[in-house]
Amino acid sequence: MTATMTVTALLTTAQLLLVSVTLSHGAFSQDSPIDLIVLNSLENTNMTYSTTIAYRGILLGAMRRLQDAPNCFKFTTREDDNYGPFLVSVNGLAGNENDRTYWQLLAESNGTTIIPNVGVGCYIPKPGERIILKFTKY
Ligand code: B12
(Lines give C-alpha, C1' and ligand atoms only; values in the text may rest on other atoms or scores of the structure.)
Protein backbone atom coordinates (compact mmCIF):
# COMPACT_ATOMS: atom_id res chain seq x y z
CA MET A 1 0.00 0.00 0.00
CA THR A 2 2.76 2.45 1.07
CA ALA A 3 4.89 1.39 -1.91
CA THR A 4 1.97 2.00 -4.30
CA MET A 5 1.40 5.47 -2.79
CA THR A 6 5.13 6.30 -3.13
CA VAL A 7 5.18 5.20 -6.80
CA THR A 8 2.01 7.23 -7.49
CA ALA A 9 3.52 10.29 -5.79
CA LEU A 10 6.74 9.91 -7.81
CA LEU A 11 4.82 9.54 -11.08
CA THR A 12 2.71 12.61 -10.29
CA THR A 13 5.87 14.62 -9.53
CA ALA A 14 7.46 13.46 -12.80
CA GLN A 15 4.31 14.42 -14.74
CA LEU A 16 4.25 17.87 -13.09
CA LEU A 17 7.91 18.37 -13.99
CA LEU A 18 7.22 17.40 -17.61
CA VAL A 19 4.26 19.79 -17.81
CA SER A 20 6.35 22.60 -16.31
CA VAL A 21 9.26 21.99 -18.73
CA THR A 22 6.79 21.80 -21.63
CA LEU A 23 5.15 25.09 -20.63
CA SER A 24 8.40 26.98 -20.15
CA HIS A 25 10.22 25.49 -23.14
CA GLY A 26 7.32 25.21 -25.58
CA ALA A 27 7.31 21.41 -25.81
CA PHE A 28 10.12 19.60 -27.59
CA SER A 29 9.57 21.42 -30.83
CA GLN A 30 11.11 20.52 -34.13
CA ASP A 31 12.78 22.96 -36.51
CA SER A 32 10.33 24.84 -38.75
CA PRO A 33 10.87 25.48 -42.46
CA ILE A 34 11.40 29.06 -43.62
CA ASP A 35 12.10 30.65 -46.97
CA LEU A 36 14.98 33.04 -47.38
CA ILE A 37 14.78 35.38 -50.37
CA VAL A 38 17.89 37.13 -51.60
CA LEU A 39 16.70 40.18 -53.50
CA ASN A 40 18.93 42.58 -55.38
CA SER A 41 16.59 45.56 -55.77
CA LEU A 42 19.18 47.47 -57.82
CA GLU A 43 19.44 44.79 -60.50
CA ASN A 44 15.98 43.26 -60.11
CA THR A 45 17.21 39.72 -59.45
CA ASN A 46 16.16 37.32 -56.73
CA MET A 47 16.87 33.83 -55.44
CA THR A 48 14.78 31.80 -52.99
CA TYR A 49 16.35 29.35 -50.56
CA SER A 50 14.67 27.01 -48.09
CA THR A 51 16.11 26.39 -44.68
CA THR A 52 14.94 25.64 -41.16
CA ILE A 53 14.71 27.66 -38.00
CA ALA A 54 15.06 26.21 -34.51
CA TYR A 55 12.22 26.75 -32.06
CA ARG A 56 12.58 30.47 -31.09
CA GLY A 57 15.97 30.37 -32.85
CA ILE A 58 17.75 33.39 -34.31
CA LEU A 59 17.89 34.08 -38.04
CA LEU A 60 21.70 33.86 -38.02
CA GLY A 61 21.46 30.15 -37.04
CA ALA A 62 19.20 29.41 -40.03
CA MET A 63 21.56 31.36 -42.32
CA ARG A 64 24.59 29.42 -41.06
CA ARG A 65 22.78 26.11 -41.57
CA LEU A 66 21.97 27.19 -45.13
CA GLN A 67 25.57 28.25 -45.76
CA ASP A 68 26.83 24.85 -44.54
CA ALA A 69 24.45 22.98 -46.88
CA PRO A 70 25.46 22.22 -50.47
CA ASN A 71 23.95 25.21 -52.25
CA CYS A 72 25.24 28.57 -53.38
CA PHE A 73 24.19 30.68 -50.39
CA LYS A 74 27.12 32.51 -48.79
CA PHE A 75 27.24 35.48 -46.47
CA THR A 76 29.64 37.46 -44.29
CA THR A 77 29.08 39.57 -41.20
CA ARG A 78 31.05 42.18 -39.27
CA GLU A 79 30.80 42.22 -35.49
CA ASP A 80 29.51 45.47 -34.02
CA ASP A 81 30.26 46.10 -30.33
CA ASN A 82 26.76 47.35 -29.63
CA TYR A 83 24.43 45.50 -31.98
CA GLY A 84 26.16 42.22 -32.84
CA PRO A 85 26.58 40.90 -36.38
CA PHE A 86 26.05 43.35 -39.26
CA LEU A 87 25.29 41.60 -42.55
CA VAL A 88 28.03 42.81 -44.91
CA SER A 89 27.74 40.57 -47.98
CA VAL A 90 25.46 37.95 -49.49
CA ASN A 91 26.60 35.67 -52.31
CA GLY A 92 29.73 37.77 -52.77
CA LEU A 93 27.94 41.12 -53.09
CA ALA A 94 28.85 43.55 -50.29
CA GLY A 95 27.24 46.79 -49.17
CA ASN A 96 29.43 49.81 -49.62
CA GLU A 97 29.54 53.16 -47.80
CA ASN A 98 30.64 55.07 -50.92
CA ASP A 99 27.68 53.77 -52.94
CA ARG A 100 25.43 53.93 -49.85
CA THR A 101 24.34 50.34 -50.43
CA TYR A 102 23.56 47.71 -47.75
CA TRP A 103 21.67 44.49 -47.11
CA GLN A 104 18.36 45.33 -45.52
CA LEU A 105 16.55 42.73 -43.44
CA LEU A 106 12.81 42.32 -44.08
CA ALA A 107 10.29 39.76 -42.85
CA GLU A 108 7.03 38.94 -44.61
CA SER A 109 4.05 36.97 -43.39
CA ASN A 110 0.39 36.92 -44.49
CA GLY A 111 1.13 39.54 -47.14
CA THR A 112 2.58 42.03 -44.64
CA THR A 113 6.22 43.03 -44.77
CA ILE A 114 8.00 44.47 -41.75
CA ILE A 115 11.46 45.93 -41.25
CA PRO A 116 12.74 44.28 -38.06
CA ASN A 117 14.32 46.72 -35.60
CA VAL A 118 17.17 44.30 -34.84
CA GLY A 119 19.77 42.55 -37.02
CA VAL A 120 20.28 38.92 -38.08
CA GLY A 121 21.86 37.97 -34.73
CA CYS A 122 18.78 38.99 -32.74
CA TYR A 123 15.84 38.50 -35.06
CA ILE A 124 13.70 35.44 -34.26
CA PRO A 125 11.69 34.47 -37.36
CA LYS A 126 8.20 33.12 -36.84
CA PRO A 127 7.35 29.75 -38.40
CA GLY A 128 6.24 30.22 -42.00
CA GLU A 129 7.67 33.73 -42.24
CA ARG A 130 9.56 34.68 -45.41
CA ILE A 131 12.84 36.40 -44.70
CA ILE A 132 14.03 38.86 -47.32
CA LEU A 133 17.62 40.03 -47.57
CA LYS A 134 17.34 43.04 -49.84
CA PHE A 135 20.32 44.75 -51.41
CA THR A 136 19.32 48.38 -51.52
CA LYS A 137 20.43 51.98 -50.94
CA TYR A 138 20.09 54.23 -47.92
C1 B12 B 1 22.74 54.97 -39.84
C2 B12 B 1 22.16 53.66 -39.40
C3 B12 B 1 22.18 52.61 -40.30
C4 B12 B 1 22.92 52.67 -41.63
C5 B12 B 1 24.43 52.46 -41.30
C6 B12 B 1 25.39 52.77 -42.46
C7 B12 B 1 25.99 54.15 -42.43
N8 B12 B 1 27.23 54.24 -42.81
O9 B12 B 1 25.37 55.11 -42.01
C10 B12 B 1 22.23 51.49 -42.40
C11 B12 B 1 21.12 52.06 -43.29
C12 B12 B 1 23.16 50.63 -43.26
C13 B12 B 1 21.61 50.68 -41.26
C14 B12 B 1 21.15 49.39 -41.43
C15 B12 B 1 20.48 48.69 -40.46
N16 B12 B 1 20.15 49.10 -39.24
CO17 B12 B 1 20.72 50.78 -38.50
N18 B12 B 1 21.01 52.45 -37.69
C19 B12 B 1 21.60 53.52 -38.10
C20 B12 B 1 21.47 54.62 -37.02
C21 B12 B 1 20.31 55.56 -37.45
C22 B12 B 1 22.72 55.46 -36.78
C23 B12 B 1 24.03 54.65 -36.61
C24 B12 B 1 25.22 55.62 -36.55
O25 B12 B 1 25.59 56.19 -37.56
N26 B12 B 1 25.79 55.83 -35.37
C27 B12 B 1 26.89 56.77 -35.19
C28 B12 B 1 28.26 56.12 -35.52
C29 B12 B 1 29.43 57.09 -35.33
O30 B12 B 1 28.45 55.01 -34.60
P31 B12 B 1 28.89 53.57 -35.17
O32 B12 B 1 28.90 52.61 -34.04
O33 B12 B 1 30.08 53.64 -36.03
O34 B12 B 1 27.61 53.23 -36.12
C35 B12 B 1 27.62 52.07 -36.89
C36 B12 B 1 26.66 51.00 -36.34
O37 B12 B 1 25.52 51.62 -35.77
C38 B12 B 1 26.34 50.24 -37.63
N39 B12 B 1 24.96 49.80 -37.68
C40 B12 B 1 23.92 50.52 -38.11
N41 B12 B 1 22.80 49.81 -38.03
C42 B12 B 1 23.13 48.60 -37.54
C43 B12 B 1 22.35 47.49 -37.29
C44 B12 B 1 22.95 46.33 -36.78
C45 B12 B 1 22.10 45.13 -36.47
C46 B12 B 1 24.36 46.30 -36.57
C47 B12 B 1 25.02 45.05 -36.08
C48 B12 B 1 25.15 47.45 -36.82
C49 B12 B 1 24.50 48.57 -37.31
O50 B12 B 1 26.55 51.12 -38.73
C51 B12 B 1 27.01 52.39 -38.25
C52 B12 B 1 27.98 52.99 -39.25
O53 B12 B 1 29.03 52.11 -39.51
C54 B12 B 1 21.11 53.76 -35.78
C55 B12 B 1 20.19 54.42 -34.73
C56 B12 B 1 20.96 55.44 -33.87
N57 B12 B 1 20.38 56.57 -33.73
O58 B12 B 1 22.05 55.13 -33.38
C59 B12 B 1 20.38 52.54 -36.42
C60 B12 B 1 20.40 51.22 -35.72
C61 B12 B 1 21.78 50.95 -35.16
N62 B12 B 1 20.09 50.30 -36.80
C63 B12 B 1 19.33 49.34 -36.47
C64 B12 B 1 18.86 48.31 -37.33
C65 B12 B 1 17.85 47.34 -36.76
C66 B12 B 1 19.32 48.19 -38.64
C67 B12 B 1 18.96 47.07 -39.63
C68 B12 B 1 19.04 45.66 -39.04
C69 B12 B 1 17.57 47.39 -40.21
C70 B12 B 1 17.03 46.31 -41.13
N71 B12 B 1 15.96 45.66 -40.70
O72 B12 B 1 17.57 46.09 -42.18
C73 B12 B 1 20.03 47.31 -40.75
C74 B12 B 1 21.25 46.40 -40.69
C75 B12 B 1 21.11 45.20 -41.62
C76 B12 B 1 22.42 44.49 -41.76
N77 B12 B 1 22.99 44.60 -42.95
O78 B12 B 1 22.88 43.83 -40.85
C79 B12 B 1 18.97 49.39 -35.00
C80 B12 B 1 19.80 48.36 -34.20
C81 B12 B 1 19.02 47.83 -33.02
C82 B12 B 1 19.51 46.51 -32.55
N83 B12 B 1 19.46 46.29 -31.26
O84 B12 B 1 19.90 45.66 -33.33
C85 B12 B 1 19.25 50.91 -34.68
C86 B12 B 1 19.64 51.17 -33.23
C87 B12 B 1 17.96 51.68 -35.03
C88 B12 B 1 16.73 51.13 -34.36
N89 B12 B 1 15.85 50.49 -35.12
O90 B12 B 1 16.52 51.29 -33.19
N91 B12 B 1 21.55 51.40 -40.12
Side-chain angles (χ1 to χ4, degrees):
M1 180 66 173
T2 321
T4 313
M5 282 170 70
T6 312
V7 169
T8 310
L10 279 174
L11 278 176
T12 309
T13 312
Q15 279 165 341
L16 280 174
L17 267 174
L18 192 62
V19 168
S20 130
V21 167
T22 304
L23 286 176
S24 63
H25 286 68
F28 303 102
S29 311
Q30 295 197 325
D31 293 358
S32 307
I34 53 160
D35 279 348
L36 187 79
I37 293 104
V38 175
L39 173 68
N40 183 336
S41 70
L42 307 181
E43 298 203 338
N44 245 336
T45 57
N46 67 78
M47 281 283 291
T48 299
Y49 300 88
S50 295
T51 180
T52 56
I53 189 86
Y55 174 72
R56 301 263 312 139
I58 54 170
L59 175 58
L60 187 63
M63 289 169 64
R64 284 184 177 144
R65 199 154 31 247
L66 189 57
Q67 177 157 250
D68 290 344
N71 58 52
C72 294
F73 180 75
K74 295 278 168 271
F75 71 98
T76 61
T77 58
R78 178 181 63 235
E79 202 60 22
D80 181 276
D81 285 347
N82 299 304
Y83 305 117
F86 181 86
L87 185 60
V88 174
S89 77
V90 177
N91 293 342
L93 177 63
N96 178 311
E97 281 203 6
N98 296 330
D99 300 338
R100 298 177 64 83
T101 52
Y102 78 113
W103 285 98
Q104 184 181 38
L105 168 60
L106 303 167
E108 186 209 295
S109 68
N110 300 324
T112 305
T113 304
I114 59 154
I115 304 174
N117 64 358
V118 291
V120 294
C122 293
Y123 188 65
I124 298 177
K126 290 162 201 69
E129 205 165 54
R130 280 155 53 92
I131 298 298
I132 303 160
L133 304 179
K134 180 179 176 185
F135 191 68
T136 187
K137 287 198 167 224
Y138 56 86

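Throughout, numbering of the chain's residues begins at 1 and tracks the sequence. This one's a predicted model, so the numbers in the text were calculated from it and none came from an experiment. Order of listing sets the numbers, starting from 1, for every ligand and every atom in it.
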One pair per line, please: each N/O atom of ligand 1 matched with every protein N/O atom under 3.5 Å away, atom names first, then the distance to 0.1 Å.
residue  : atom   : partner : partner atom : Å
ligand 1 : 8 (N)  : E97     : OE2          : 3.4
ligand 1 : 8 (N)  : Y138    : OH           : 3.3
ligand 1 : 71 (N) : L105    : O            : 2.9
ligand 1 : 71 (N) : P116    : O            : 2.9
ligand 1 : 72 (O) : L105    : N            : 2.8
ligand 1 : 77 (N) : L87     : O            : 2.9
ligand 1 : 77 (N) : W103    : O            : 2.8
ligand 1 : 78 (O) : L87     : N            : 2.8

Please report the C-alpha distance between E129 and Y123 in whole Å, then the side-chain angles of each, then the deciding distance to 0.1 Å, and finally whether the side chain to side chain donor-acceptor pair (under 3.5 Å) criterion is met. CA-CA 12 Å; E129 205 165 54; Y123 188 65; 2.9 Å; yes

Taken in chain and number order and not counting sequence neighbours, the residues that satisfy side chain to side chain contact (heavy atoms under 4.5 Å, CB included) with S50 are D35

Ignoring hydrogens and angles, tell me if any N or O in the side chain of R65 forms a donor-acceptor pair with the backbone of T52 under 3.5 Å.
-> yes

I'd like to know if L59 and L39 are part of one continuous hydrophobic network [Ile/Leu/Val/Met/Phe/Trp/Tyr, side-chain heavy atoms within less than 4.5 Å]. no

side-chain hydrogen bond (donor to acceptor under 3.5 Å, both in side chains) filter on R64, not counting sequence neighbours, yields none

Sequence neighbours excluded, the answer for side-chain hydrogen bond (donor to acceptor under 3.5 Å, both in side chains) partners of S89 is T76

